[in-house]
Amino acid sequence: MALARRLPLVSDRPAAKAGLRSERTLWPDRGPGVFEQELESIEDALMTTTVEKAVAWAQSGSMWPDTFGLACCAIEMMSIVSARYDIARFGMEAFRSSPRQADLLIVSGRVSQKMAAPLREIYDQMLEPKWVIAMGACASSAGMFNNYAVLQGVDKIVPVDVYVPGCPPRPEALMEGIIRLHEKVLAGVPPAYEIKEPAS
Ligand code: SF4
């Protein structure tokens with residue numbers, strides 16, 4: 001329930017302070033009239049918002065992930081569309097086969113050096129705004145693959161918005177990451193590619 005705001009006393013208002021001497025402003029303890037109170041409550045009754053908030057609400061409720069699996073983590077990712085997890089609840093059931101129709105890249109699995117360039121190309125083909133989830137230890141930091149053949153974290157080549165830990169993360173963990181991403185979008189946090197690194 002919205003908290004009712006308290007209108008200032010008539011004698012505290014700019015018109016009274018500017019020297020207006022009417023019957024109302026000469027009454028120091030005079031509170032707002034009934035009409036003023038009704039006008040004040042209209043904003044709560046009408047559910048006003050801003051364009052930015054409305055757009056963020058729509059974006060968070062209709063993210064479309066790209067169909068892109070790399071390794072064992074992808075098996076867990078695939079299951080989030082099943083009846084058990086049902087990401088259709090978030091308007092996300094449509095995994096897109098073209099990056100041009102997707103705005104969420106779930107990097108699920110280790111990224112070999114050979115796959116780095118295709119992954120970046122897919123990311124570049126996605127329209128903005130777009131978001132990236134690094135799913136699992138391998139995508140986040142290469143996990144157990146501390147060697148020359150595997151990229152040591154996908155954030156070396158694309159900006160990452162949310163990291164999901166685990167090897168593999170269960171579908172519930174990925175769902176948690178997706179919900180965290182929704183919260184960031186609703187809070188007005190810009191996508192990772194818009195956030196500039198502080199100068200070192
Ligand atoms: S984090 Fe574990 S499950 Fe996921 S790709 Fe790496 S080894 Fe496989």
Side-chain angles (χ1 to χ4, degrees), residues 59-187 189-198 200:
Q59 285 173 337
S60 66
S62 60
M63 282 183 186
W64 285 1
D66 189 77
T67 308
F68 191 72
L70 284 166
C72 5
C73 274
I75 304 299
E76 305 294 320
M77 179 190 70
M78 289 173 209
S79 60
I80 63 172
V81 293
S82 66
R84 183 178 177 94
Y85 300 104
D86 190 18
I87 58 163
R89 291 175 289 159
F90 305 109
M92 301 178 66
E93 69 271 37
F95 267 74
R96 308 310 299 180
S97 298
S98 165
R100 294 177 182 82
Q101 298 168 352
D103 53 9
L104 174 62
L105 184 62
I106 303 174
V107 184
S108 51
R110 60 188 171 273
V111 186
S112 65
Q113 297 286 357
K114 204 173 176 181
M115 276 304 291
L119 190 148
R120 177 70 206 202
E121 191 171 345
I122 285 171
Y123 176 79
D124 287 339
Q125 288 176 353
M126 291 165 62
L127 298 179
E128 295 181 2
K130 54 191 172 186
W131 297 271
V132 174
I133 292 179
M135 178 184 180
C138 288
S140 302
S141 65
M144 70 184 90
F145 300 100
N146 183 14
N147 61 49
Y148 64 87
V150 174
L151 199 67
Q152 301 297 296
V154 73
D155 54 6
K156 298 274 191 295
I157 54 167
V158 293
V160 173
D161 296 273
V162 170
Y163 297 85
V164 177
C167 176
R170 284 185 54 85
E172 289 91 340
L174 179 58
M175 299 288 285
E176 175 81 13
I178 289 170
I179 291 169
R180 295 280 174 237
L181 180 58
H182 289 172
E183 288 174 353
K184 285 179 78 171
V185 173
L186 287 172
V189 179
Y193 61 83
E194 284 186 7
I195 300 174
K196 297 203 170 27
E197 294 286 332
S200 55

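Because the structure is a prediction, the values reported are computed rather than measured. Computation of the quantities below employed the complete heavy-atom set of this structure, encompassing side-chain atoms and omitting hydrogens, waters and symmetry-equivalent molecules. In listed order, ligands and their atoms are each counted from 1.
The closest donor-acceptor contact from the side chain of Gln152 to the backbone of Phe145 lies under 3.5 Å. No donor-acceptor distance shorter than 3.5 angstrom exists from the side chain of Ser140 to the backbone of Ala137, with no hydrogens or angles considered.
Closest to atom 5 (S) of ligand 1, if we only count protein heavy atoms, is Gly109 CA, 3.4 Å.
Only one option out of Gln59, Met63, Glu128 pairs with Asp103 in a side-chain contact (heavy atoms from CB on, under 4.5 Å); it is Met63. Just one of Leu174, Leu70, Val162 meets the side-chain contact (heavy atoms from CB on, under 4.5 Å) condition when paired with Met135; it is Leu174. When Leu186, Ile178, Ile179, Leu181 are each tested for a side-chain contact (heavy atoms from CB on, under 4.5 Å) with Ser60, only one passes: Leu186.
Inclusion of Cys73 in the first shell of atom 8 (Fe) of ligand 1 is not supported: no N, O or S atom falls under 2.8 Å. The distance from atom 6 (Fe) of ligand 1 to the nearest N/O/S atom of Cys138 is under 2.8 Å.
Each of the atoms 5 (S) of ligand 1 lies under 4.0 Å from some heavy atom of Ala71. Atoms of ligand 1 lying under 4.0 Å from at least one heavy atom of Cys167, given by number and element, are 1 (S), 2 (Fe), 7 (S). The ligand atoms of ligand 1 that sit less than 4.0 angstrom from a heavy atom of Arg110 are 5 (S). Remark: ligand 1 atoms within the under-4.0 Å shell around heavy atoms of Ala137 are 1 (S).
Contacts of Pro168 with ligand 1, taken as heavy-atom pairs under 4.0 Å, involve both backbone and side chain.
No more than 12 heavy atoms of other residues, nucleotides or ligands shown are found within 6.0 angstrom of CZ on Arg84.
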